[in-house]
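Working notes, structure below.
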Amino acid sequence: MEQYNHTTVTEFVLLGFPNVDDIQVWLFTLLLLAYLFTIFGNLLIFLVIRLDSALHTPMYHFVSVLSFLELWYTATTIPKMLANLLSETKTISFAGCLLQTYFFHSLGASECYLLTAMAYDRYLAICRPLHYPAIMTPALCAKMAASCWTCGFLCPISEVILVSRLPFCGYNEIPHIFCDFPPLLSLACKDTSTNVLVDFAINTFIIIITFLFIMASYGRIIGAVLKIKTASGRKKAFSTCASHLLVVLIFFGSIIFMYVRLKKSYSLTLDRTLAVVYSVLTPLFNPIIYSLRNKEIMKAIKRTILRQGELVNPAHP
């Protein structure tokens with residue numbers, strides 16, 4: 001067994017955004033506003049869908065689950081980013097770093113599976129409309145959502161266990177905005193080729209397989225939509241899944257370039273930019289895409305506000 005005559009690392013330093021001293025306050029403000037809007041937007045969509053009976057359909061059930069997931073997905077990274085922007089130490093414990101990595105990847109994998117389930121739901125609704133009510137029952141929706149969460153939280157366990165067994169000694173500065181597998185592996189004082197291969201295999205399976213399934217579903221959907229004779233019918237059919245497709249392209253477009261690769265890292269600037277896209281911007285865009293582009297949700301928000309207003313100020317006889 002190899003011996004390492006170095007001080008064992010018990011905590012890491014997250015370097016975060018480099019060379020931002022002059023705009024640190026502005027960056028903190030922008031990130032805080034983005035986080036607050038993400039929390040408010042996703043929480044609003046989740047509550048409106050749960051409270052409005054008109055939205056108790058499979059499609060909106062999955063949208064509410066996605067909004068709930070985004071609340072936790074952003075909570076794993078953004079609060080620590082905000083704290084580091086105001087702190088001089090920017091440290092995180094070894095256990096804390098592993099936990100952040102685990103939950104970030106668990107929730108990310110859960111989102112991959114959930115977006116796949118949403119694509120399957122749209123495929124059934126458009127391509128098999130007569131069988132849709134009998135297939136996509138509330139019980140099946142609940143089982144699919146639970147399976148997405150379960151599979152997502154099981155996927156990164158082997159990766160975290162392998163990383164936890166690596167020796168980290170000496171240099172402890174992580175050149176990233178949060179803890180993640182690629183920057184952690186670059187700090188280990190031992191060959192990490194096995195870890196890189198395992199990460200690549202798991203990420204490829206989760207990301208590529210789910211993405212191909214989603215694209216296959218949309219291939220069928222587009223084929224079915226094009227067979228509709230009227231332009232208004234085609235527009236109405238595709239409008240029900242346009243928001244979901246946009247979210248898929250933004251989310252998968254960034255994580256594919258980040259995680260489906262055998263190299264430990266490309267440029268640090270590219271890694272940080274992609275990390276901002278899938279950890280901050282995608283959860284920020286989701287409530288905008290699903291509310292402003294969806295008339296049913298906008299109507300439900302207005303109904304909920306009016307209903308709450310009536311409860312606060314009931315009309316006098």
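Along the sequence shown, residues carry numbers from 1.
- Ser217 and Arg122 are not linked by any side-chain donor-acceptor pair at a separation below 3.5 angstrom, with hydrogens and angles left out of the test.
- Looking at heavy atoms from C-beta onward, Ser279 lies in side-chain contact with Met81 at the 4.5 angstrom threshold.
- When atom types are taken as modelled, the side chain of Ser186 and the backbone of Pro183 share a donor-acceptor pair closer than 3.5 angstrom.
- Taken from CG in Leu115 to CD1 in Ile214, the straight-line distance is 5.5 Å, to the nearest 0.5 Å.
- Ring orientation note: the planes of Tyr102 and Phe153 are nearly perpendicular, at an angle over 60° on the 30°/60° scale.
- Cys151 SG to Leu114 CG: the interatomic distance, rounded to the nearest 0.5 Å, is 12.0 Å.
- Within the 6.0 Å centre-distance limit, the rings of Phe12 and Phe168 are counted as a close aromatic pair.
- Applying the side chain to side chain contact (heavy atoms under 4.5 Å, CB included) test between Ser254 and each of Val276, Leu274, Leu281, Thr273 identifies Leu274 as the sole match.
- Below 30°, between 30° and 60°, or above 60°: for Tyr259 and His105 the angle between ring planes is above 60°, a perpendicular geometry.
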Check the pair Ile250, Phe285 against side chain to side chain contact (heavy atoms under 4.5 Å, CB included), reporting the backbone distance first and the verdict last. CA-CA 9 Å; Ile250 295 174; Phe285 290 155; 4.1 Å; yes
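- Both Leu85 and Leu36 belong to a single network of hydrophobic side chains, linked directly or stepwise wherever heavy atoms of I, L, V, M, F, W or Y lie under 4.5 Å apart.
- A donor-acceptor pair under 3.5 Å is formed between the side chain of His56 and the backbone N or O of Ile49.
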Stepwise side chain to side chain contact (heavy atoms under 4.5 Å, CB included) check, Ser64 with Ile45: CA-CA 7 Å; Ser64 70; Ile45 290 177; 5.8 Å; no
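- Across every non-hydrogen atom of Thr116 and Cys112, the tightest pair is OG1-O, 2.8 Å.
- Closest non-hydrogen pair, Pro129 versus Pro133, comes out as O-CD, 3.5 Å.
- The aromatic ring centres of His244 and Phe62 sit 6.0 Å or more apart.
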Step by step, work out the side chain to side chain contact (heavy atoms under 4.5 Å, CB included) result for Leu107 and Trp72. CA-CA 8 Å; Leu107 293 164; Trp72 297 103; 3.9 Å; yes
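- Looking at heavy atoms from C-beta onward, Phe46 lies out of side-chain contact with Val65 at the 4.5 angstrom threshold.
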Worked check of side chain to side chain donor-acceptor pair (under 3.5 Å) between Tyr132 and Asp121: CA-CA 9 Å; Tyr132 179 71; Asp121 171 70; 2.5 Å; yes
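- In this structure, the side chain of Asp180 does not engage the main chain of Pro182 through any donor-acceptor pair within 3.5 Å.
- Here Ser53 contributes atom OG and Arg303 contributes atom CZ; the two are 7.5 Å apart, rounded to the nearest 0.5 Å.
- Looking only at side-chain heavy atoms (C-beta outward), Leu15 and Lys90 stay at 4.5 Å or farther from each other.
- Glu296 places no side-chain N or O within donor-acceptor distance of the main-chain N or O of Leu55, the cut-off being under 3.5 Å.
- Residues Glu111 and Asn286 come closest through the heavy atom pair OE2-ND2, 4.2 Å.
- Residues Ser110 and Leu69 come closest through the heavy atom pair CB-CD1, 3.6 Å.
- The same ILVMFWY cluster, assembled from side-chain heavy atoms under 4.5 Å apart, contains both Ile208 and Phe181.
- When the options Trp149, Phe68, Phe104, Phe103 are evaluated for a ring pair (Phe, Tyr, Trp, His ring centres under 6.0 Å) with Tyr73, the one that passes is Phe104.
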What do the steps show when you test Met215 against Leu245 for side chain to side chain contact (heavy atoms under 4.5 Å, CB included), and what is the final call? CA-CA 9 Å; Met215 290 298 101; Leu245 183 58; 3.9 Å; yes
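- With hydrophobic clusters built from ILVMFWY side chains whose heavy atoms lie under 4.5 angstrom apart, Tyr171 shares a cluster with Leu184.
- Heavy-atom minimum distance, Arg272 versus Gly16: NE-O, 2.9 Å.
- Between the side chains of Glu70 and Asn42, no donor-acceptor pair is found at a separation under 3.5 Å.
- Linking Ile, Leu, Val, Met, Phe, Trp and Tyr residues whenever their side-chain heavy atoms come within less than 4.5 Å places Tyr113 and Ile209 in a single cluster.
- Leu162 pairs in a side chain to side chain contact (heavy atoms under 4.5 Å, CB included) with only one of the listed residues (Thr192, Asp199, Asn195, Ile157), which is Asn195.
- Cys155 is not listed as a side-chain neighbour of Phe205, based on a closest heavy-atom distance of 4.5 Å or more.
- A ring pair (Phe, Tyr, Trp, His ring centres under 6.0 Å) with Phe252 is found for exactly one of Phe213, Phe211, Phe257, namely Phe211.
- When the side chains of ILVMFWY residues are joined at heavy-atom separations under 4.5 Å, either directly or via intervening members, Val13 and Leu185 end up in two distinct hydrophobic clusters.
- The NZ atom of Lys80 sits 14.5 Å away from the CD1 atom of Ile78 when rounded to the nearest 0.5 Å.
- When the shell of 6.0 Å around CZ of Arg220 is examined, it contains 12 or fewer heavy atoms from other residues, nucleotides or ligands.
- Of the inter-residue distances, the one linking Leu99 atom CG with Cys97 atom SG reads 9.5 Å to the nearest 0.5 angstrom.
- Note: Phe178 and Tyr278 have perpendicular aromatic rings, judged against thresholds of 30 and 60 degrees for the angle between ring planes.
- Residues Glu159 and Asn203 meet the side-chain proximity criterion, which asks for heavy atoms closer than 4.5 Å.
- Side-chain contact check for Ile222 versus Leu226: some heavy-atom pair is nearer than 4.5 Å.
- At a threshold of 4.5 Å between non-hydrogen side-chain atoms, the residues Leu14 and Cys179 count as touching.
- Going from atom OG1 of Thr77 over to atom NE2 of His176 covers 9.5 Å, rounded to the nearest 0.5 Å.
- At least one donor-acceptor pair under 3.5 Å links the side chain of Ser164 to the backbone N or O of Ile161.
- With a 4.5 Å cut-off on side-chain heavy atoms, Met118 and Met59 do not count as touching.
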